[in-house]
J.: 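Mind looking over this structure? Questions follow.
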Protein chains: 2
Amino acid sequence: MKGDQDLYTLQPIASLTMADQVEAQLHEYIIKRAIRPGDAIPKEQELADALGVSRNVVREALSRLRMLGLIDSKKKRGMILTRPDVMKGLERILHPAILDEQVRKQLFELRLVLEVGLGDLIFARKTEVHLKKLDAIVERERKATTQIEKIRCELDFHSTLYEMAGNDTLKRFQTILLPVFEYVVEYESKLQHTSVGSVTHADLVKILYSNNAEEFPNAMRKHLSPHFQHL
Amino acid sequence: MKGDQDLYTLQPIASLTMADQVEAQLHEYIIKRAIRPGDAIPKEQELADALGVSRNVVREALSRLRMLGLIDSKKKRGMILTRPDVMKGLERILHPAILDEQVRKQLFELRLVLEVGLGDLIFARKTEVHLKKLDAIVERERKATTQIEKIRCELDFHSTLYEMAGNDTLKRFQTILLPVFEYVVEYESKLQHTSVGSVTHADLVKILYSNNAEEFPNAMRKHLSPHFQHL
DNA sequence: ATGGTACTTATGTAGTACATAATATTTAAT
DNA sequence: ATTAAATATTATGTACTACATAAGTACCAT
């Protein structure tokens, strides 16, 4: 058709609801004014009046910010800004069942990337206690008879690595991603027998006992190599 | 009304609002029923009646889910489930100014982890076009005179690496994290002159031209070593 | 001062009414 | 009869009011 090119100039109609706009404005308000956690923000009715919308709309916008952990509200105290919880939004969405197949795959790749790169944080912060814990898991895995027990050890081992990294945000991220991983692992196991990588958990622990951070990334790459094959 | 209750039995009161509970229930409803994107969900009034709350409350809950990208709503068509946008919630929160200092630091560490571990995805998906693009950036950087131009090249280079990984979720994640990085880099630059790592961008490109994925993680570690020192 | 009482205030919830836009239905026109 | 226009229908979006509830505040009595 002739007019097709012209169509590109058309932008998707904004069609933002009032609540959307109010949310955006409040967000900007918070950021621009550099409001510190603990500070109070205007009352709902004041905001409604100032913005020229109904309190209802303001509440919808505030409800979203509250969900994100940006604000907290008490009955009479009004609303105060809180330290936003970075991972809160992710928690609600990252449920394997409602994720696109492709996104699931991408999140799984993200996990591989994280674990390969995790080395330096671990080496910087590992303690004897951590290493002993890994030893125990490896030992438990060696004795494990059932498949379920082995999988549990697998999860424990890698979770402990994230713990050792001493980065709460990262650890939390991993926890949120866990169900996605399980989902993908199950899918992979149907695809082919997940051969164990040439580097075992025991090998990884040995490297961690040494102080040779250089070896870690490639060791982990080899450990995860069965998964990398699916790229 | 009656006498006082035993204080020991008092638990940290949850004090969930109706909207909170409705949100949780709707969330569960969506997941349990395995509703596929495109499917319709009941009307607001129906939900309100079924849950025994006012439509107002239902709307607050729906508003949150809509913000997360879980549902979409058109005027008459009702509401339909959509593919949730994994990163949407993060986008709104990850503004450096409102983040805890510690969280900022942790996110910056996350970036280091990501880039060190990024190698295998890049090697699996890199193309000639990508490599040429990196060449161009390195060349631009070599000729750069101002500090600003150099920093821009720095950002472009690393952004391109994420692009090469061919993982949209990951790329998006990096884009969202960018402002946080800038914030931290500025902070670091005050702390001490950010000496360039012993491995340059040109060195990294050379490795990417070769097909030796083994070298990448440690090369990147050395490249980023000035940042790692702040651990 | 201490403790209680009543008052005040801001959020939370309910309910009604209407605007708006998209669909469905009916009517009109060629 | 098929198409086009007008109309009715319906679900979301917005506004407004009213009241419940909890958390401060002030005031009072002992």
Side-chain angles (χ1 to χ4, degrees), chain A residues 10-27 29-30 35 37-82, chain B residues 1-5 7 10-27 29-30 35 37-82:
Chain A
L10 294 179
Q11 293 180 5
I13 295 280
S15 142
L16 289 173
T17 67
M18 293 282 179
D20 292 331
Q21 298 175 51
V22 170
E23 184 208 335
Q25 284 212 40
L26 287 178
H27 203 268
Y29 171 86
I30 290 173
I35 301 180
D39 292 355
I41 53 181
K43 301 153 198 140
E44 294 180 352
Q45 192 58 59
E46 288 175 11
L47 290 171
D49 294 343
L51 293 164
V53 297
S54 97
R55 189 160 83 96
N56 220 327
V57 169
V58 172
R59 278 189 64 80
E60 275 195 33
L62 288 173
S63 174
R64 301 178 189 178
L65 299 182
R66 195 160 40 238
M67 183 201 57
L68 293 178
L70 262 171
I71 61 175
D72 193 13
S73 53
K74 290 270 158 62
K75 262 294 161 68
K76 151 108 189 234
R77 183 107 183 221
M79 290 167 298
I80 58 171
L81 205 66
T82 61
Chain B
M1 297 186 119
K2 205 107 171 269
D4 7 309
Q5 298 177 344
L7 282 175
L10 294 180
Q11 293 172 10
I13 194 147
S15 153
L16 288 173
T17 66
M18 293 282 181
D20 291 331
Q21 299 176 49
V22 171
E23 183 208 336
Q25 284 213 39
L26 288 177
H27 203 268
Y29 171 86
I30 289 172
I35 301 180
D39 291 355
I41 51 182
K43 300 151 197 143
E44 292 180 354
Q45 192 58 58
E46 288 175 11
L47 289 172
D49 294 342
L51 293 164
V53 297
S54 94
R55 189 161 83 97
N56 223 327
V57 169
V58 172
R59 278 189 64 80
E60 276 195 34
L62 288 172
S63 174
R64 300 178 190 178
L65 300 183
R66 195 161 39 239
M67 183 201 56
L68 292 179
L70 263 171
I71 61 174
D72 193 12
S73 53
K74 291 268 158 61
K75 264 291 161 67
K76 150 106 190 237
R77 183 111 183 217
M79 289 168 300
I80 59 171
L81 205 67
T82 62

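Just so we're on the same page: letters track the sequence lines, and every chain starts at 1.
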J.: Need to verify one output field. Residue with the more 5' nearest nucleotide on DNA chain D, B:M79 or A:K75?
T.: B:M79
J.: Phosphate oxygens OP1/OP2 of C:dG12: is one of them under 4.0 Å from a side-chain N or O of A:S73?
T.: yes
J.: So, taking the atom named CG in B:N56 and the one named CZ in A:R59, what distance separates them when rounded to the nearest 0.5 Å?
T.: 7.5 Å
J.: Give a yes or no on whether the backbone of A:V58 and the side-chain of A:E44 come within a donor-acceptor separation of less than 3.5 Å.
T.: no
J.: Please confirm whether any donor atom in the side chain of B:N56 sits under 3.5 Å from an acceptor in the base of C:dG12, or the reverse.
T.: no
J.: Taking only side-chain N and O atoms of A:S54, does any of them lie within less than 4.0 angstrom of OP1 or OP2 on D:dA15?
T.: yes
J.: For C:dG12, take OP1 and OP2 only and decide whether either is under 4.0 Å from a side-chain N or O of A:R66.
T.: yes
J.: Taking only Lys NZ, Arg NE, NH1 and NH2, and the carboxylate oxygens of Asp or Glu, determine whether A:K43 and A:D49 approach each other closer than 4.0 Å.
T.: no
J.: Is there a residue in residues 40-52 of chain A whose heavy atoms reach under 4.0 Å of DNA chain C, and which residues are they?
T.: A:K43, A:E44
J.: How many whole angstroms separate atom CD of A:E60 from atom C1' of C:dT13?
T.: 14 Å
J.: Base of D:dT14, side chain of A:R59 - is there a donor-acceptor contact under 3.5 Å?
T.: no
J.: Could you state the CE-P distance from A:M18 to D:dG13, rounded to the nearest angstrom?
T.: 12 Å
J.: Take B:L70 and B:M79, measure what side-chain contact (heavy atoms from CB on, under 4.5 Å) needs, and give me the verdict at the end.
T.: CA-CA 10 Å; B:L70 263 171; B:M79 289 168 300; over 6 Å; no
J.: From B:I41 CD1 over to B:D72 CG, what is the distance, rounded to the nearest 0.5 angstrom?
T.: 10.0 Å
J.: With rounding to the nearest 0.5 Å, note down the distance linking CD in B:E60 to CD in A:E60.
T.: 7.0 Å
